[in-house]
Protein chains: 2
Amino acid sequence: MDTFKESQSTRSKILETALRLFSQRGYLGATTKEIAKEAGIAEVTLFRHFSSKERLFEEVLNTYSFLPALKGLLPEIVKIPYEDALIVIAKKFLETLNLRKEMIRIMHSEIHRYPEKIHRIYHSFMDELFKTLASYFNVMQKKGILREFDTEFGARAFLGMFFSYFNAQEFKMRKKYRNDDTDRTIKEYVNIFVRGTLK
Amino acid sequence: MDTFKESQSTRSKILETALRLFSQRGYLGATTKEIAKEAGIAEVTLFRHFSSKERLFEEVLNTYSFLPALKGLLPEIVKIPYEDALIVIAKKFLETLNLRKEMIRIMHSEIHRYPEKIHRIYHSFMDELFKTLASYFNVMQKKGILREFDTEFGARAFLGMFFSYFNAQEFKMRKKYRNDDTDRTIKEYVNIFVRGTLK
DNA sequence: TATGTTTGTTAGTAATTACTTACATTAGAT
DNA sequence: ATCTAATGTAAGTAATTACTAACAAACATA
């Protein structure tokens with residue numbers, strides 16, 4: 001059983017390292033030799049766990065595809081004021097994007113290699129978010145707090161603003177997140193959106 | 001002189017093809033052999049025009065870096081109603097993104113290879129847009145049409161919504177743009193934003 | 001102790017790739 | 001007609017890469 005555990009940890013060491021290197025150098029730029037070296041194992045061990053580099057890549061995509069991000073938040077946020085709720089949602093969303101930063105980079109840079117698979121991952125992640133947020137808007141509309149508007153488009157608009165902000169940070173940086181800038185951005189974006197959707 | 005013209009067209013054929021292939025397969029995935037073949041020239045000719053693949057890549061980035069997109073629009077849009085102006089801006093913005101679609105894909109997928117250069121290109125493009133739009137908002141605030149808000153953040157929020165929409169299309173598709181969906185999106189986003197910023 | 005599983009080491013192979021050299025061909029300019 | 005610059009053809013090189021084969025070491029379990 002310890003044998004199995006050892007094998008599992010070797011496997012996950014490879015997966016973690018591969019995620020990082022695919023994200024940093026792209027699929028072709030990350031060599032199996034380097035992945036193995038960085039993972040602290042022999043190259044041949046990599047091929048014993050994953051029959052090919054392609055398979056390893058697929059497993060990375062499967063392993064680190066997205067978490068549900070907002071669903072669990074719903075029960076709490078219906079109780080707090082609208083503007084505060086949006087701030088919580090924006091923060092949680094940006095946090096999730098940060099947690100899966102490497103995956104997002106891989107998806108951007110390898111969309112041409114695996115269009116259908118990456119599309120599926122993106123879809124399953126974003127659609128859940130859109131629908132969760134839209135259903136929150138629906139609740140708020142029924143309460144008479146929000147005016148009438150297409151909640152699905154509203155959700156896309158709201159999360160879209162922050163997704164762009166996140167991508168811009170990715171472009172601009174390597175200088176790490178300055179939280180004050182993030183907080184300011186959240187405040188301003190939410191403010192506009194709140195006024196845009198209140199009754 | 002015809003000789004020179006011929007040479008120019010060879011050079012641009014190479015650049016065009018390289019843009020396309022770098023965008024489709026990434027820097028490492030696009031081989032000089034294939035670029036030459038697709039451009040209808042001999043591989044050695046490519047190396048006579050560009051001393052290395054790296055240099056070719058740099059020239060592609062330089063050649064197709066962004067156009068000024070909104071600046072020319074300003075004089076006209078100050079005359080038309082706010083909501084119509086935003087629709088025009090959104091359309092023009094999406095149109096520009098579409099024109100430079102390949103460049104955007106390259107920037108996404110090769111940000112790790114040329115971080116400073118790509119950052120510069122992104123910056124020079126987006127900053128001009130942000131500032132142009134912000135200055136439009138300033139004008140509208142002085143006219144008393146818009147409420148007080150930080151116009152730079154407003155501009156980022158507005159364009160961010162549509163940049164995300166554009167990226168989502170890129171992820172989702174290969175099925176080409178459905179204009180009705182785009183028009184609908186523009187309408188809904190603009191509507192929220194208008195209410196969010198009016199006095 | 002004996003055994004089976006996982007890993008490391010070493011060496012190698014076939015394919016690909018960026019890039020070069022040498023020489024021939026084309027065609028416009030003088 | 002001749003010269004020159006741009007291009008093509010053919011052949012090749014050195015480096016890298018994904019992946020394999022063979023054998024030995026380590027280690028857990030029975």
Side-chain angles (χ1 to χ4, degrees), chain A residues 1-63 106 109-110 112-114 117, chain B residues 1-63 106 109-110 112-114 117:
Chain A
M1 199 46 78
D2 226 330
T3 298
F4 178 66
K5 241 162 72 191
E6 196 58 55
S7 160
Q8 271 302 85
S9 103
T10 297
R11 189 186 148 92
S12 31
K13 255 194 304 183
I14 296 172
L15 283 171
E16 279 170 37
T17 311
L19 171 73
R20 205 183 79 238
L21 290 183
F22 283 144
S23 158
Q24 281 172 7
R25 315 199 201 293
Y27 176 78
L28 290 173
T31 69
T32 53
K33 192 172 172 180
E34 195 183 10
I35 294 170
K37 191 176 146 203
E38 294 271 303
I41 54 132
E43 192 180 4
V44 71
T45 300
L46 186 156
F47 284 103
R48 288 195 186 107
H49 282 267
F50 306 93
S51 59
S52 69
K53 192 186 179 186
E54 280 289 306
R55 282 292 305 154
L56 170 59
F57 184 64
E58 285 182 43
E59 285 300 308
V60 167
L61 291 186
N62 291 336
T63 307
I106 290 178
S109 71
E110 307 300 336
H112 47 79
R113 184 174 313 276
Y114 274 50
K117 179 153 220 143
Chain B
M1 200 46 78
D2 225 330
T3 298
F4 177 67
K5 242 163 70 191
E6 196 58 55
S7 160
Q8 270 304 84
S9 101
T10 297
R11 189 187 148 91
S12 31
K13 255 193 306 183
I14 296 172
L15 283 171
E16 279 169 37
T17 311
L19 172 72
R20 205 184 78 238
L21 290 184
F22 283 145
S23 158
Q24 283 171 7
R25 314 199 202 292
Y27 176 79
L28 291 173
T31 69
T32 53
K33 192 172 173 180
E34 195 183 12
I35 294 170
K37 192 176 147 202
E38 294 271 302
I41 54 133
E43 192 181 4
V44 72
T45 300
L46 185 155
F47 284 102
R48 288 196 186 107
H49 282 266
F50 306 93
S51 58
S52 69
K53 192 187 179 185
E54 280 289 304
R55 283 291 307 154
L56 170 60
F57 184 64
E58 285 183 41
E59 285 300 306
V60 167
L61 291 186
N62 291 336
T63 307
I106 290 178
S109 71
E110 307 300 336
H112 47 80
R113 184 173 312 277
Y114 275 50
K117 181 154 219 142

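Note that the structure is predicted; figures quoted are calculated from it, not measured. In what follows, chains carry the letters A, B, and so on, assigned in the order in which the sequence lines appear, proteins first and then strands, with residues in each chain numbered from 1.
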Quick check: on DNA chain D, is the nucleotide nearest A:Leu28 upstream (toward 5') of the one nearest B:Thr45, or the reverse? Name the residue that is more 5'. B:Thr45

Against B:Thr17, only a single residue in B:Leu21, B:Ile14, B:Leu15 fulfils side-chain contact (heavy atoms from CB on, under 4.5 Å); can you say which? B:Leu21

Whether B:His49 contacts D:dT7 is assessed here as follows: a side-chain N or O lying under 4.0 Å from the phosphate OP1 or OP2. Is that the case? yes

Contact under 4.0 Å: A:Thr10 side-chain N or O vs C:dT7 OP1/OP2: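 The answer is yes; a side-chain N or O of A:Thr10 sits under 4.0 Å from OP1 or OP2.
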
Atom [atom1] of [X] and atom [atom2] of [N]: how far apart are they, to the nearest Å?
X       : N      : atom1 : atom2 : answer
A:Lys33 : C:dG8  : NZ    : P     : 16 Å
B:Leu56 : C:dA18 : CG    : P     : 11 Å
B:Glu34 : C:dT17 : CD    : P     : 9 Å
A:Lys13 : C:dT6  : NZ    : C1'   : 12 Å
A:Arg48 : C:dT5  : CZ    : P     : 14 Å
A:Phe47 : C:dA11 : CZ    : C1'   : 16 Å
A:Ile41 : C:dT9  : CD1   : P     : 11 Å
A:Glu43 : C:dA11 : CD    : P     : 15 Å

With sugar-phosphate meaning primed atoms plus P, OP1 and OP2, does B:Ala30 contact a base, only sugar-phosphate, or nothing at under 4.0 Å between heavy atoms? sugar-phosphate

Within the structure shown, what part of the strands sits under 4.0 Å from A:Gly40 by heavy-atom distance: base, sugar-phosphate, or nothing? sugar-phosphate

Of the listed D:dT20, C:dA18, D:dC19, the closest approach to the B:Lys53 side chain comes from C:dA18

Can you tell which of B:Glu34, B:Glu38, B:Glu110 makes a salt bridge (Lys or Arg N to Asp or Glu O under 4.0 Å) with B:Arg25?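 When salt bridge (Lys or Arg N to Asp or Glu O under 4.0 Å) is applied between B:Arg25 and each of B:Glu34, B:Glu38, B:Glu110, only B:Glu34 qualifies.
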
One thing to verify: whether B:Glu58 and B:Arg55 come together as a salt bridge, which I'm taking to mean a side-chain N less than 4.0 angstrom from a carboxylate O. yes

Could you tell me whether B:Lys53 sits above the aromatic face of B:Tyr27, with NZ or CZ closer than 6.0 angstrom to the six-membered ring centre and within 45 degrees of the axis?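 Ring-cation test returns yes.
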
Check: A:Ile35 and A:Leu56 side chains under 4.5 Å, non-hydrogen atoms: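 Yes; the side chains approach each other to less than 4.5 Å.
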
